[in-house]
Colleague: 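Could you have a look at this structure, given as structure tokens, before my questions?
Every chain is numbered from 1, with letters handed out A, B, ... down the list of sequences. Fair warning: this is a prediction, and the values are worked out from it, not measured in the lab.
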Amino acid sequence: MSAPGASEKEIWPLWEVFVRSSRGISHTHVGSLHAPDATLAVRNARDLYTRRNEGVSIWVVPADAITTSDPDAKGAFFESPAGKNYRHASYYTKSEGVKHL
Amino acid sequence: MTIPSVPYAIAPESADTVSAEEQQFNDLIAADSRIEPRDWMPDGYRKTLIRQISQHAHSEIIGMQPEGNWITRAPSLKRKAILLAKVQDEAGHGLYLYSAAQTLGISRDLMTDQLIAGKARYSSIFNYPSPTWADMGSIGWLVDGAAICNQVPLCRASYGPYGRAMVRICKEESFHQRQGFEILLELMNGTPAQREMAQESVNRWYWPALQMFGPPDDDSPNSAQSMAWNIKRFSNDELRQRFVGMLVPQAEVLGVTLPDPDLRWNEEKGVYDMGEIDWTEFHEVLAGRGPANARRLQRRRDAHDEGQWVREAAAAYAAKQAVKAVA
């Protein structure tokens, strides 16, 4: 299942855009755009999403190349971490007051 | 408009039973959470959003024209650069919004077709001409000012992609409003002729700007449903009132007079009383009989036709490269 908005009805495909705002930070999804190919998608992304120095690097991904989890199985799919709060540091309270723990 | 059956399933509507997915939708809205593209949503919610977001996108795109008109005639190189940046922003805003609408299942091409065929609406304000340089000031101060007032609450709209697009747009709009204010301020500090030009322009834009908030609450049939769905957060009249409250002290700084003889502070209510808005004019312009409707649409149509070969060439090039990559 591809990203929302991707459609074979479009003359130009949809691309999802990810921008790295500065070195040391990962690329973050900023939005999507229309472009005939990857090269122009990168150029359009520069014009559309980095007009005010918002980024130092851009990724574009064809929206229909993205695979997502099944929206209908939302509950069941993400159920496994529920009730497993022992995976969080905050579960362990007996060490409270002890330094550097 | 076609809505794909997968993954955007639409549950059969029934008066007495609420499906599990509809219940989930209702719960998310009640919790003031966000709806995302793959979530189930009522048909009416989807249609309302497609209509609102595409109209909003069209407004940004048509809105490039009144200012585009002045790019080649801006009074200095600096003003020209600023105006270019602003018009480029409007194009960007249109594109953010078209992308947001696409996540609801309508294609970009269909939205464009609807606009150029004259079947889609856009904000009535862009059907007024911009004959003087002072209009660049009034558009920024009054038109973008009203737009910001409308759009800030939309950043919290219940549909995720719309809210996210609005956050980007609002960040950029504040530059638009300030630069417009500065143009007017400079004119008001200039010669008597310049001051007159600024005041004349404010006189023309003030009432149409107030109409941007839409018809009065008792004549706005879709508002209640939009508010129940957390798309709209404040009523048309509330936002209009808030806008006028912000304008009055700004007009004092500028030294311009707002062209409403009935405008005065109401101590009791704590708001400004204002004169009657000419809603006949509003409905005439919306119906396509405003001063520049035909011109705006024709310009958009011409741009689309003249760009035809570019779109075709780009698509052909992309297809050729794709074949090469496989070979």
Colleague: Can you name the closest pair of heavy atoms from B:Ala318 and A:Pro36 and give their distance?
Modeller: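 It is CB-O, 3.2 Å.
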
Colleague: Got a sec: does the OH of A:Tyr86 have more than 12 other heavy atoms crowding it under 6.0 Å?
Modeller: yes

Colleague: If you define the side chain from C-beta out and look only at heavy atoms, does anything of A:Glu54 sit under 4.5 Å from B:Arg168?
Modeller: yes

Colleague: Should B:Lys171 and A:Arg52 count as side-chain neighbours, where that means a heavy-atom distance under 4.5 Å?
Modeller: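 A side-chain contact under 4.5 Å is absent here.
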
Colleague: Quick check on B:Arg299: does its CZ atom have over 12 non-hydrogen neighbours (other residues, nucleotides or ligands) under 6.0 Å away?
Modeller: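 Open: at most 12 neighbouring heavy atoms sit under 6.0 Å from CZ of B:Arg299.
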
Colleague: B:Glu312, B:Gln321, B:Arg164, B:Arg311: which one forms the most heavy-atom pairs within less than 4.5 Å of chain A?
Modeller: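 Of B:Glu312, B:Gln321, B:Arg164, B:Arg311, B:Arg311 has the most heavy-atom pairs under 4.5 Å with chain A.
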
Colleague: If you count heavy atoms of other groups shown closer than 6.0 angstrom to CD of B:Gln308, is the number above 12?
Modeller: yes

Colleague: Within a 6.0 Å radius of atom CZ on B:Arg178, are there more than 12 heavy atoms belonging to other residues, nucleotides or ligands?
Modeller: no

Colleague: Taking every non-hydrogen pair under 4.5 Å, which of A:Ala38, A:Ala35, A:Ser32 racks up the most with chain B?
Modeller: A:Ser32

Colleague: Measure distances from B:Gln88 to the heavy atoms of chain A and classify the residue's part below 4.5 Å as side chain, backbone, both or neither.
Modeller: both

Colleague: Quick one: are A:Trp12 and B:Asp109 in side-chain contact, heavy atoms under 4.5 Å?
Modeller: no

Colleague: Evaluate whether atom CZ of B:Arg34 has more than 12 neighbouring non-hydrogen atoms of other residues, nucleotides or ligands under 6.0 angstrom away.
Modeller: yes

Colleague: Using 0.5 Å steps for rounding, measure from the CG atom of A:Leu14 to the CD atom of B:Gln102.
Modeller: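 If we round to the nearest 0.5 Å, A:Leu14:CG and B:Gln102:CD are 5.0 Å apart.
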
Colleague: What distance separates A:Glu16 CD from B:Ser99 OG, expressed to the nearest 0.5 Å?
Modeller: 8.0 Å

Colleague: Distance-only, no hydrogens or angles: does the B:Tyr96 side chain make a donor-acceptor pair with backbone N or O of A:Leu48 under 3.5 Å?
Modeller: yes

Colleague: Is the count of non-hydrogen atoms from other residues, nucleotides or ligands lying under 6.0 Å from A:Asn53 atom CG greater than 12?
Modeller: no

